[in-house]
Every structure is written in C-alpha cells, then in structure tokens.
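For reference, the structure is listed below as structure tokens.
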Amino acid sequence: MNSLARNISCSIRSSIHTNDLQHQQWRGIRVKVLNGNLDQALKFMQRKMQSSGIERLIKREQIHHIKNSEKRVLARKNLEHKIRSQDLARKLKAILIKKVRGL
C-alpha cells in the first residue's frame with residue numbers, strides 16, 4: 001500500500017511539474033565511462049571542470065581558512081587583472097575618440 005501511494009504521489013507531482021521541468025536546463029558535466037575505465041573518465045571530467053570554470057566557482061563557494069600567502073597571491077592576480085582591463089579600456093577609448101574625430 002505504501003509503495004502504491006508513493007507511486008501515485010510521484011505521478012501527481014510529475015504531472016504538475018512537467019511544464020516546469022521542460023523549461024529547466026540541465027546544469028553540470030556529464031562524462032561517459034567507457035569499458036569500465038573510471039580513471040580516464042575522472043581525468044576527462046577534471047579537464048572539463050577546469051575549462052568551464054566550475055572548479056573556480058566551487059573553490060570560491062567553499063568557506064575555509066585562506067593562508068596569508070594565498071591571500072597575497074590572489075590579491076596580486078586581481079590587481080593585475082584590474083590593471084590590464086583598465087589599460088584595455090583606455091586604449092579602446094582612445095581608438096574610438098580617433099575614429100569619431102576622423103583621424
């Protein structure tokens with residue numbers, strides 16, 4: 001009886017949420033394990049995670065103690081990125097001004 005009630009409630013929930021589920025996107029990484037080679041699949045998954053940036057998001061979400069040396073490295077990287085982006089913005093602005101002026 002309990003399994004019957006569970007099946008009915010699942011079918012009711014699925015009929016209610018079918019429209020919502022059709023519009024949801026699947027997020028995550030799927031990796032096929034071929035011939036039971038789990039090590040190769042794990043390596044492939046790790047490469048996919050690094051290239052898609054998921055690994056950085058996961059690390060950013062973790063709340064743990066960050067060593068001072070890691071803080072300095074992260075601060076330096078952020079500063080370099082900020083300087084590069086500001087420099088690029090300055091160059092693009094100069095190019096656009098020259099283009100507008102017709103030089």
Side-chain angles (χ1 to χ4, degrees):
M1 182 69 182
N2 195 11
S3 63
L4 179 65
R6 198 176 306 135
N7 288 338
I8 292 172
S9 66
C10 288
S11 65
I12 291 171
R13 280 189 219 137
S14 65
S15 66
I16 292 171
H17 296 295
T18 51
N19 291 338
D20 294 338
L21 292 176
Q22 289 174 354
H23 295 292
Q24 281 183 342
Q25 288 183 338
W26 286 94
R27 294 183 182 258
I29 295 175
R30 292 185 182 188
V31 178
K32 290 183 182 178
V33 178
L34 301 174
N35 300 328
N37 195 350
L38 189 61
D39 291 331
Q40 184 181 10
L42 286 172
K43 287 178 185 177
F44 184 70
M45 184 184 73
Q46 187 177 13
R47 275 187 267 141
K48 280 181 113 177
M49 284 178 66
Q50 285 176 347
S51 66
S52 66
I54 291 177
E55 187 176 21
R56 281 176 292 192
L57 292 174
I58 292 171
K59 283 185 178 180
R60 190 179 299 157
E61 291 294 322
Q62 291 177 348
I63 300 173
H64 58 82
H65 176 71
I66 299 175
K67 296 191 298 186
N68 287 336
S69 60
E70 290 181 40
K71 287 180 185 177
R72 283 193 300 268
V73 168
L74 290 172
R76 188 176 64 234
K77 284 183 180 180
N78 288 337
L79 180 63
E80 288 172 357
H81 177 71
K82 183 178 175 182
I83 291 171
R84 259 185 278 134
S85 64
Q86 287 175 347
D87 189 37
L88 180 63
R90 226 180 283 119
K91 287 178 183 178
L92 286 174
K93 184 178 178 182
I95 291 171
L96 289 173
I97 288 173
K98 285 182 183 178
K99 203 173 226 185
V100 168
R101 290 181 183 167
L103 298 176

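- No side-chain donor-acceptor contact under 3.5 Å links D87 to the backbone of I83.
- You'll find the side chain of K71 reaches within 4.5 Å of the side chain of N68, heavy atoms only.
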Q: Go through I97 and K93 one step at a time and tell me if the side chain to side chain contact (heavy atoms under 4.5 Å, CB included) criterion holds.
A: CA-CA 6 Å; I97 288 173; K93 184 178 178 182; 4.0 Å; yes
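- Within 6.0 Å of the CD atom in Q50, the count of heavy atoms belonging to other residues, nucleotides or ligands exceeds 12.
- Closest heavy-atom contact between M45 and V31: CB-CG2, 3.6 Å.
- Going from atom CD of Q40 over to atom CG of N35 covers 9.0 Å, rounded to the nearest 0.5 Å.
- Taking the side chain as every heavy atom from C-beta outward, K82 and Q86 approach each other to under 4.5 Å.
- How far CZ of R72 is from NZ of K67: 10.0 Å, rounded to the nearest 0.5 Å.
- Atom CZ of R84 sits about 10.0 Å away from atom CG of L79, to the nearest 0.5 Å.
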**Q.** Test log, rule salt bridge (Lys or Arg N to Asp or Glu O under 4.0 Å), inputs K43 and D39
**A.** CA-CA 6 Å; K43 287 178 185 177; D39 291 331; over 6 Å; no
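- When all heavy atoms of R30 and K48 are compared, the closest pair comes out as O-NZ, 3.3 Å.
- Inter-residue side-chain proximity for I95 and K98 is flagged as unmet; no heavy-atom pair is nearer than 4.5 Å.
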